[in-house]
There are 2 protein chains.
Amino acid sequence: MDEGATRRDRQRAATLADIKAVARRLLVSGGVGAVGLRAVARELGLTPPALYRYFPSHEALVTALIADLYDELTGALMELQAADTDADLGARLFLLTNGLRDWALAHPSEFALLFGTAIPNPDAKDHADTPGHQAAMRFGAVFKDLVAQIWHWKPFPYPADEDLGPVLLAQLQQETEEFQGMPAGAIYLALSYWVRLYGLICMEVFGQLHWVLPDAGAYFEAQLREIGEELGLDCPPPE
Amino acid sequence: MDEGATRRDRQRAATLADIKAVARRLLVSGGVGAVGLRAVARELGLTPPALYRYFPSHEALVTALIADLYDELTGALMELQAADTDADLGARLFLLTNGLRDWALAHPSEFALLFGTAIPNPDAKDHADTPGHQAAMRFGAVFKDLVAQIWHWKPFPYPADEDLGPVLLAQLQQETEEFQGMPAGAIYLALSYWVRLYGLICMEVFGQLHWVLPDAGAYFEAQLREIGEELGLDCPPPE
DNA sequence: GTTAACAGTTAACGCTGTTCACTGAGACAC
DNA sequence: GTGTCTCAGTGAACAGCGTTAACTGTTAAC
């Protein structure tokens with residue numbers, strides 16, 4: 001297994017894993033602000049400069065943590081999907097979306113790190129090859145694939161091109177091969193559903209729904225059911 | 001005007017305003033991380049401990065800034081509303097929602113501070129009397145009033161109580177006097193529209209829509225028009 | 001067996017928020 | 001008008017942060 005890996009390489013990989021594990025623990029217990037270079041070193045019995053043999057800066061450590069968390073979340077969703085033996089796409093929509101919400105509620109600190117505050121610089125292409133960005137794309141692909149599968153299995157009604165307006169139509173048509181051939185109107189709907197569900201989860205986790213809904217679970221369920229019906233899917237029984 | 005205000009009181013109020021102005025400038029130019037106690041003091045020609053005569057901590061300064069920003073945003077929306085002479089509620093929906101989006105896009109740092117990351121502690125009542133929280137409620141009331149006005153002017157179709165499920169129904173009915181007597185189903189719809197529009201603005205400002213929409217303006221317009229139609233309002237002409 | 005690479009340490013720099021003891025000037029009472 | 005008291009502001013210091021430089025000892029490689 002570790003052929004060609006010298007003793008040092010193995011130990012290096014081990015401490016690197018330790019660093020990330022400690023960083024994760026600090027994140028969970030104290031939020032993003034608690035994962036500091038010195039705090040990680042202290043918890044590992046190392047001196048702060050030692051960590052610079054593993055990460056070029058504090059930001060790099062956090063970035064690596066973000067990438068790992070994206071992959072962990074994606075993995076959890078894929079696992080959920082794999083355990084779902086029957087190919088009912090309605091059930092799969094509920095499974096994945098509820099899975100995302102459950103993960104977010106169970107890991108609020110991690111969720112806040114991933115989705116809380118985002119890209120400060122609006123330049124799109126300069127950080128497109130970052131591991132964190134790629135992991136984010138893999139996460140997004142889970143739901144992009146799901147909606148494409150639903151579409152190709154049983155196309156749902158969608159607004160005509162004329163109803164979208166020329167500007168929006170042109171933007172959406174540019175994404176048609178990213179969405180496996182779906183027409184602009186269908187992509188428009190998919191995006192609308194994503195904003196509703198994803199936005200709802202963010203607002204719930206970040207406490208921006210407390211003023212009206214102490215527990216947003218029932219509301220989320222209702223919204224999800226509404227979307228499932230609009231997509232023409234068989235929704236799982238309530239409760 | 002300043003009767004009863006001694007010379008000291010006036011100077012104190014002036015420097016307090018200066019502190020907030022500098023903090024605001026630093027926030028705009030460098031984001032939340034740039035508004036530091038020492039940085040503010042440096043820019044004012046003061047020593048850092050001097051600021052402790054005005055704010056008990058760094059967090060208090062940021063909190064005060066948040067409250068001011070909420071009030072500024074609310075004020076900008078109210079002004080927009082006041083300039084809208086005709087009482088067409090469809091036009092007012094477009095005016096206020098586009099106004100919110102415009103403010104967010106014009107002041108991304110401020111918007112990020114207000115809505116980016118939120119309440120870390122899920123306890124609801126311990127910070128309910130904070131000035132920032134009250135300012136946030138005043139902001140929310142703008143849109144809550146709008147939807148209540150629309151409802152009382154021309155009630156829109158809404159889901160029946162039986163379709164909401166008992167749990168959700170009970171939660172929504174508890175808010176019926178907060179929404180000036182609107183039934184649970186109407187509150188359900190209003191909340192859904194708010195999540196769509198507010199979530200869309202957040203995702204646009206925080207760059208979580210770049211991967212599919214380089215410019216979300218047309219999409220926002222389409223969503224807003226869709227909601228206006230569902231509310232049975234006369235939408236302003238496109239473009 | 002020599003040499004080079006590398007994990008890790010110590011010391012230090014500049015930065016942050018915060019506290020304490022102190023100074024000087026405006027406000028108020030007699 | 002003098003005395004007292006409050007209060008804005010200063011200077012020095014502390015603990016903590018991310019980061020760098022010079023150095024030590026162990027490990028892999030030729």
Side-chain angles (χ1 to χ4, degrees), chain A residues 1-27 29-66 109 113 117 120 132, chain B residues 1-27 29-66 109 113 117 120 132:
Chain A
M1 177 181 287
D2 46 1
E3 55 171 328
T6 161
R7 207 163 314 177
R8 266 224 286 238
D9 290 354
R10 261 177 287 131
Q11 182 141 357
R12 177 175 179 84
T15 46
L16 206 156
D18 284 350
I19 292 175
K20 293 211 241 184
V22 168
R24 170 69 179 274
R25 242 182 40 219
L26 290 173
L27 171 68
S29 66
V32 200
V35 43
L37 219 45
R38 290 183 117 98
V40 172
R42 199 180 308 129
E43 204 109 345
L44 281 170
L46 292 179
T47 53
L51 298 186
Y52 283 82
R53 302 283 159 188
Y54 298 89
F55 295 97
S57 71
H58 170 63
E59 187 190 347
L61 201 170
V62 177
T63 298
L65 189 55
I66 289 178
S109 294
L113 179 59
T117 308
Chain B
M1 179 182 286
D2 43 3
E3 56 173 324
T6 161
R7 208 162 315 178
R8 268 224 286 237
D9 290 355
R10 262 178 287 130
Q11 182 141 355
R12 178 175 178 83
T15 47
L16 206 157
D18 284 351
I19 292 175
K20 294 210 240 186
V22 167
R24 171 69 180 273
R25 243 181 41 220
L26 290 173
L27 170 69
S29 66
V32 198
V35 43
L37 219 46
R38 290 184 116 98
V40 172
R42 201 178 307 130
E43 205 109 346
L44 281 170
L46 292 179
T47 53
L51 299 187
Y52 282 82
R53 301 283 158 185
Y54 298 89
F55 296 98
S57 71
H58 170 63
E59 187 190 346
L61 201 171
V62 177
T63 298
L65 190 56
I66 289 178
S109 293
L113 180 59
T117 308

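Here is how names work: the chains are called A, B, and so on, in the same order as the sequence lines, proteins then strands, and each is numbered from 1.
Side-chain atoms of A:Ala39 lie closest to D:dC17 of the nucleotides C:dT16, D:dC17, C:dA7. For B:Tyr52, taking side-chain heavy atoms from C-beta onward, the closest of the listed nucleotides C:dG17, C:dA27, D:dG9 is C:dG17. In the set D:dT19, D:dG9, C:dT18, the nucleotide with an atom closest to the side chain of A:Arg38 is D:dT19.
Checked by atom type and distance alone, the side chain of A:Thr15 never pairs as donor or acceptor with a backbone atom of A:Asp18 at under 3.5 Å. With hydrogens and angles disregarded, no donor-acceptor distance shorter than 3.5 Å links the side chain of B:Thr6 to the backbone of B:Asp9.
Taking atom CG of B:Asp18 as the reference point, atom P of D:dA8 lies 15 Å away to the nearest angstrom. D:dC7 atom C1' lies 15 Å from atom CG of B:Leu51, rounded to whole Å. Atom CZ in A:Arg7 sits about 14 Å away from atom C1' in D:dA29, given to the nearest Å. If you take CD1 of A:Ile19 and P of C:dA7, they are 10 Å apart, rounded to a whole angstrom. What separates CZ of B:Arg8 from C1' of C:dG24 is a distance of 11 Å, to the nearest Å. The CG-P distance, from B:Leu44 to D:dA8, rounds to 15 Å in whole Å. The distance from atom NE2 of B:His58 to atom C1' of C:dT16 is 9 Å, rounded to the nearest whole Å.
You'll find the side chain of B:Ser109 reaches within 4.5 Å of the side chain of B:Leu27, heavy atoms only.
With hydrogens and angles ignored, a donor-acceptor pair closer than 3.5 Å exists between the side chain of B:Arg53 and the base of D:dG9.
For C:dG8, the OP1/OP2 oxygens have no side-chain nitrogen or oxygen of A:Thr47 closer than 4.0 Å. At least one side-chain nitrogen or oxygen of B:Arg12 sits closer than 4.0 Å to the OP1 or OP2 atom of D:dA8.
In this structure, B:Gly36 and A:Pro49 both approach DNA chain C, and ranking their closest nucleotides by distance from the 5' end singles out A:Pro49. Along DNA chain D, the nucleotide closest to B:Leu46 and the one closest to A:Val35 are compared, and the more 5′ of them pairs with B:Leu46.
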Could you give me the CA-CA distance, side-chain angles and deciding distance for A:Tyr54 and A:Leu61, then say whether side chain to side chain contact (heavy atoms under 4.5 Å, CB included) is met? CA-CA 9 Å; A:Tyr54 298 89; A:Leu61 201 170; over 6 Å; no
